[in-house]
Amino acid sequence: MFLVPDVVVRFFHRMASPPHFYSFTERLMPWLVAIFVLLTAAGLYGGLYLAPADYQQGDSYRIIYIHVPSAWMSLFIYVVMAIAGAIGLIWRIKLAEIVAISSAPIGASFTFIALFTGSLWGKPMWGTWWVWDARLTSELILLFLYLGVIGLYGAIDDKRVASKAVAILALVGVVNIPVIHYSVEWWNTLHQGPTVTKMDKPSIHVSMLIPLLLMALSFKFYYLIALLQRTRLELLRRERNSQWVKTMVLENK
Amino acid sequence: MTMQEFFAMGGYAFYVWTSYGLTLLVLLANVIIPVSQRKQFFSQSLKRKR
């Protein structure tokens, strides 16, 4: 702890307190939304208007600006969920448990978007909506893992116990993450290999790369916004008998 | 580029705009649902108090 500045330690201590977290995130929200809107507007303008059509795929490739960032988010959120779950499991921090379970529906949504837009891109380019390719199959398993987490949490009434169970399931499922990432290299089937995240320089023109990265960043901010909304709801539900929630209900805020 | 050309997406309008439309719907739902449930939480808790 002596390596971490005192201010940072105090910040995290205060953030772990539910009423402080609740009011802080409320004040943070408009800023997050503003940054998200700016990034999205710039990314979409760059991707849908400024960037040229692909020389092979024409305009159909423009699905990339949501397909790839969504697929990245589906992996990123899963890792966040597993880490938050582990923190909750080890230190019994309520807020970490809530972050873990609140991430699940958002991660499931991004996984669904990645699969659905991939299908809509695959039909005109590959000539098929779906194929049991390694990348597609492992991403579908990821969707089932998310749904499993949501279902398991809902099935157990005691939410502290439910959080434990969910954390263990999420941690076991982490095995799938490197499988998804390397699937295109291990099994060379229909899905193309990586164009951005490889050791060499990205094999995508900069006019297409910039909007792609803008959208990736915009989706990160979206995740933060959606996560905080769910986290705050779950916090209220779990803390409904505590004094700070009762006071807030009376003030009808 | 005219507006019509832009929306035509070089003949891929259906695939491109369905992708973007669906993404918009899913992302909107993920924010609208928790916000409306929070409002519901406050109104129901208040009712129980009275």
Side-chain angles (χ1 to χ4, degrees), chain A residues 29 33 36 40 44 47-49 53-54 57-67 69-70 102 105-110 112-114 116-125 215 218-219 222-223 225-237 240 245-246 248-253, chain B:
Chain A
M29 196 51 72
V33 172
F36 166 72
T40 312
L44 290 181
L48 292 176
Y49 189 80
D54 184 76
Q57 305 196 5
D59 284 309
S60 77
Y61 95 94
R62 291 183 201 277
I63 293 173
I64 200 175
Y65 298 110
I66 45 177
H67 174 73
S70 300
S102 302
I106 310 165
S109 299
F110 275 120
F112 174 72
I113 291 171
F116 200 96
T117 56
S119 185
L120 279 162
W121 194 1
K123 184 62 187 166
M125 289 303 116
M215 288 308 288
S218 131
F219 278 14
Y222 170 82
Y223 168 49
I225 293 166
L227 174 68
L228 289 179
Q229 296 298 351
R230 282 206 182 270
T231 309
R232 300 172 81 225
L233 172 67
E234 188 66 22
L235 203 57
L236 287 175
R237 284 180 176 163
R240 61 180 173 278
V245 175
K246 284 181 182 165
M248 209 162 6
V249 166
L250 286 176
E251 286 167 357
N252 201 15
K253 272 200 67 176
Chain B
M1 185 163 54
T2 65
M3 280 292 259
Q4 257 165 341
E5 274 169 8
F6 176 75
F7 286 111
M9 277 289 151
Y12 295 110
F14 169 74
Y15 302 103
V16 173
W17 296 122
T18 311
S19 296
Y20 278 83
L22 174 102
T23 304
L24 181 72
L25 282 182
V26 173
L27 296 192
L28 272 180
N30 265 298
V31 172
I32 292 171
I33 292 168
V35 169
S36 72
Q37 284 183 346
R38 193 167 66 235
K39 284 187 179 143
Q40 224 178 333
F41 172 86
F42 279 121
S43 60
Q44 281 176 354
S45 311
L46 205 60
K47 244 180 260 164
R48 246 178 274 131
K49 283 257 157 56
R50 280 175 182 159

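Numbers restart at 1 for each chain; the letters A, B, ... are given by sequence-line order, proteins then strands.
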Original post:
So which part of B:Tyr15 gets closer than 4.5 Å to some heavy atom of chain A, the side chain, the backbone, both or neither?
Top reply: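 Both parts, heavy atoms under 4.5 Å.
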**OP:** Could you tell me which of A:Ser60, A:Ala226, A:Ala53 has the largest number of non-hydrogen atom pairs under 4.5 Å with chain B?
**Re:** A:Ser60
Subject >> Pairs of heavy atoms under 4.5 Å with chain B: top-ranked of A:Ile225, A:Ile66, A:Ile106, A:Thr117 >> reply: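 Among the listed options, the one with the most contacts to chain B is A:Ile66.
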Original post:
chain A: which of B:Leu27, B:Thr18, B:Thr23, B:Ile33 shares the most heavy-atom pairs with it under 4.5 Å?
Top reply: B:Leu27
**OP:** Would you please test B:Phe42 and A:Leu236 for side-chain contact (heavy atoms from CB on, under 4.5 Å) and show each step?
**Re:** CA-CA 9 Å; B:Phe42 279 121; A:Leu236 287 175; 3.9 Å; yes
Subject >> Worked check of side-chain contact (heavy atoms from CB on, under 4.5 Å) between A:Phe219 and A:Ser70 >> reply: CA-CA 7 Å; A:Phe219 278 14; A:Ser70 300; 3.3 Å; yes
**OP:** Give a yes-or-no answer on whether the side chains of A:Thr40 and A:Ser218 include a donor-acceptor pair shorter than 3.5 Å.
**Re:** yes
**OP:** Would you please test B:Arg38 and A:Gln229 for side-chain hydrogen bond (donor to acceptor under 3.5 Å, both in side chains) and show each step?
**Re:** CA-CA 9 Å; B:Arg38 193 167 66 235; A:Gln229 296 298 351; 2.9 Å; yes
Original post:
Are A:Arg240 and A:Lys246 close enough that some pair of their side-chain heavy atoms sits under 4.5 Å apart?
Top reply: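 The answer is no; the side chains never approach within 4.5 Å.
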Subject >> Check: B:Trp17 ring centre within less than 6.0 Å of B:Phe6 ring centre >> reply: yes
So what's closer than 4.5 Å to chain B heavy atoms on [X]: side chain, backbone, both or neither?
X	value
A:Tyr61	neither
A:Leu44	side chain
A:Tyr49	both

